[in-house]
Amino acid sequence: MGEGTTASRAADAVAAVAEVWDWTAANLDDPIGPKLLEHAQLSFTSVLLGLLIALPLGLAGARWRPLYPPMLTGVNVLYAVPSLALFFLLLPYTGFSPWTAIIPLALYTLAILVPNVVDGLNQVPDHVRQAAAAMGFGPLRRLLQVELPIALPVIVAGLRVASVATISMVSVASLVGLGGLGQLILTHGFKRNFPAPVIVGIILSVALAFLADAVLVALQRWLTPWARGRESGATTTRNRHIARAAVARSRKATT
Amino acid sequence: MNIVTGVVDWFAQPEQWAGPSGIPARFAEHVHYSVLALLIAGAIAVPIGLVTGHTGRGGFLAITLANIARALPTIGVLTLVVLGMGLGLAPVLAALVALAVPPILVNTYEGVRGTDPQLKDAAQGMGMRGGDVLFRLELPIALPLILLGLRTAAIQVVSTATIAAYVGIGGLGRFIVDGQSRRTIEMIVGGALLVVLLALAVTALFALLRHMVVARGLRRRPAPAT
């Protein structure tokens, strides 16, 4: 009996995979391709807009310390507002334009990005700042050429979490008629009681998140050439521990 | 201004405060689903994080799986379970647990993993065996980070539990969904405010919990993160 159910379960699984495959092959050009592209565009624009807001906020929070705690409370409260409510509230103003999805998603990234920008800038060692000042760097040049590059790994760590979170959250916007792959899941899967589009939507969404993550890792390696050989330099247990603690510190606020 | 008075009026209506579709009942439903999801996620993620962090084995796999779970679209998980098991509590719990496991797992793992090796040497020198080291040294040291992971998960769960309204089991999302279909912005704002209030209560609860369970010596150190 056990063998029989195993065999029939295996047959079910094969049939399900075949169904997903057939549906994918038949719908690749429409709607899968355009929805995937829309999903990527919505997430990319949201994270970019979030970064553009988070950078000046983070700079202000790192420079004027008393500003930071209320700022942090603000972005955390924003983070707790259900995305569904924000989408609905924007609908009367922005209609079915992409901004209805982008604005809330960008606001959510702030809770992840702002603390990372501030932490990244705060961990620039004082002697490095002083050396830059002694070499005649003005405040702006020091920021752009010394402080931001040193803060970059921590900022990118935040961007990685933010991009994965955003890509997974875009789908919720399908409840207001936007949302890229979410629409595959909702209109093609849920409303027709058909699991294949749901599975395709989930797999593509996860794949997109991993692709974005890989691109950000590559970007960081390219932008911080001085850090490439460093990991192999941490040979003693103690050094490895310190290195790991530094990475964990940069990660924990966001994970 | 108009919206503010509208929302205040909405909260002031006596019918909001009674019956199965009143604020207290919806609030209780919302808390019920959130607590249940958080308990299940904690029961899955904390032991796995403790064991992988302590032994160092399977850590990479656990973190990779957590990152995949983080990338899962909530709507997709919800829909898939609805198609398989029908409307009800199961799809909501599946979606919320998938959301809550990654932050708890990653923080527990990092917390245990990050214990100073010198402290572990000292513990072993004092005659502690593997289990002792885990429960009497690594767990207390990792506790602030574990609580942080639980708090992050709890806030995400509370905010996302609004989707329960879409599968017909109520919760505070009901106000948001009904407000949208009746075109009453006050109701959407009211529902969202209640969710934010709940999230703030969660934050306060975890601050209290941290004060109660984290060892005094660890508390005096700067807070690990906020």
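Naming: A, B, ... by sequence-line order, numbering from 1 per chain.
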- Item | Verdict with supporting geometry, B:His54 and B:Glu138, side-chain hydrogen bond (donor to acceptor under 3.5 Å, both in side chains) | CA-CA 8 Å; B:His54 176 67; B:Glu138 290 171 327; 2.6 Å; yes
- Query: Can you say whether A:Leu186 sits under 4.5 Å from chain B via the side chain, the backbone, both, or neither, judging by heavy atoms?
  - Reply: side chain
- Query: Where does A:Leu91 contact chain B at under 4.5 Å (heavy atoms): side chain, backbone, both or neither?
  - Reply: side chain
- Query: Can you tell which of B:Leu200, B:Thr160, B:Ile75 has the highest number of heavy-atom pairs within less than 4.5 Å of chain A?
  - Reply: B:Ile75
- Item | Under 4.5 Å from a heavy atom of chain A, the part of B:Phe175 involved | neither
- Looking at CG of A:Asn76 and CD1 of A:Ile112, how far apart are the two atoms once the value is rounded to the nearest 0.5 Å? 10.0 Å
- Item | Residue selection (most heavy-atom pairs with chain B, distance under 4.5 Å) from A:Leu78, A:Val81, A:Ile203 | A:Val81
- Would you mind telling me which of A:Ala209, A:Pro82, A:Pro69, A:Gly201 has the largest number of heavy-atom pairs within less than 4.5 Å of chain B? A:Pro82
- Item | Under 4.5 Å from a heavy atom of chain B, the part of A:Ile167 involved | neither
- Message: Please identify, among A:Ile199, A:Leu175, A:Asp213, A:Thr166, the residue contributing the most non-hydrogen atom pairs under 4.5 Å to chain B.
- Response: A:Leu175
- Under 3.5 Å, side chain of B:His30 to main-chain N/O of B:Val158, donor-acceptor pair present? yes
- Could you check which of A:Gly182, A:Ala207, A:Ser83, A:Ala85 has the highest count of heavy-atom pairs closer than 4.5 Å to chain B? A:Ala85
- Query: Is the ring centre of A:Tyr93 less than 6.0 Å from the ring centre of A:Trp99?
  - Reply: no
- Query: Taking the side chain as C-beta and beyond, is there a heavy-atom pair between A:Pro115 and A:Leu72 under 4.5 Å?
  - Reply: yes
- Query: Between B:Arg113 and B:Glu110, does at least one N-O distance fall below 4.0 Å, as a salt bridge requires?
  - Reply: no
- Regarding A:Thr100 and A:Thr94, is there a side-chain donor-to-acceptor distance under 3.5 Å anywhere? yes
- Task: Against chain B, label A:Phe194 side chain, backbone, both or neither, depending on which of its atoms sit under 4.5 Å from a heavy atom there.
- Result: backbone
- Pairwise distance CG(A:Leu184) to OG(A:Ser205) - rounded to 0.5 angstrom: 10.5 Å
- Query: Is it the side chain or the backbone of B:Leu80 that comes within 4.5 Å of chain A heavy atoms, both, or neither?
  - Reply: both
- Does any heavy atom of chain B fall under 4.5 Å from the side chain of A:Pro92, the backbone, both, or neither of them? side chain
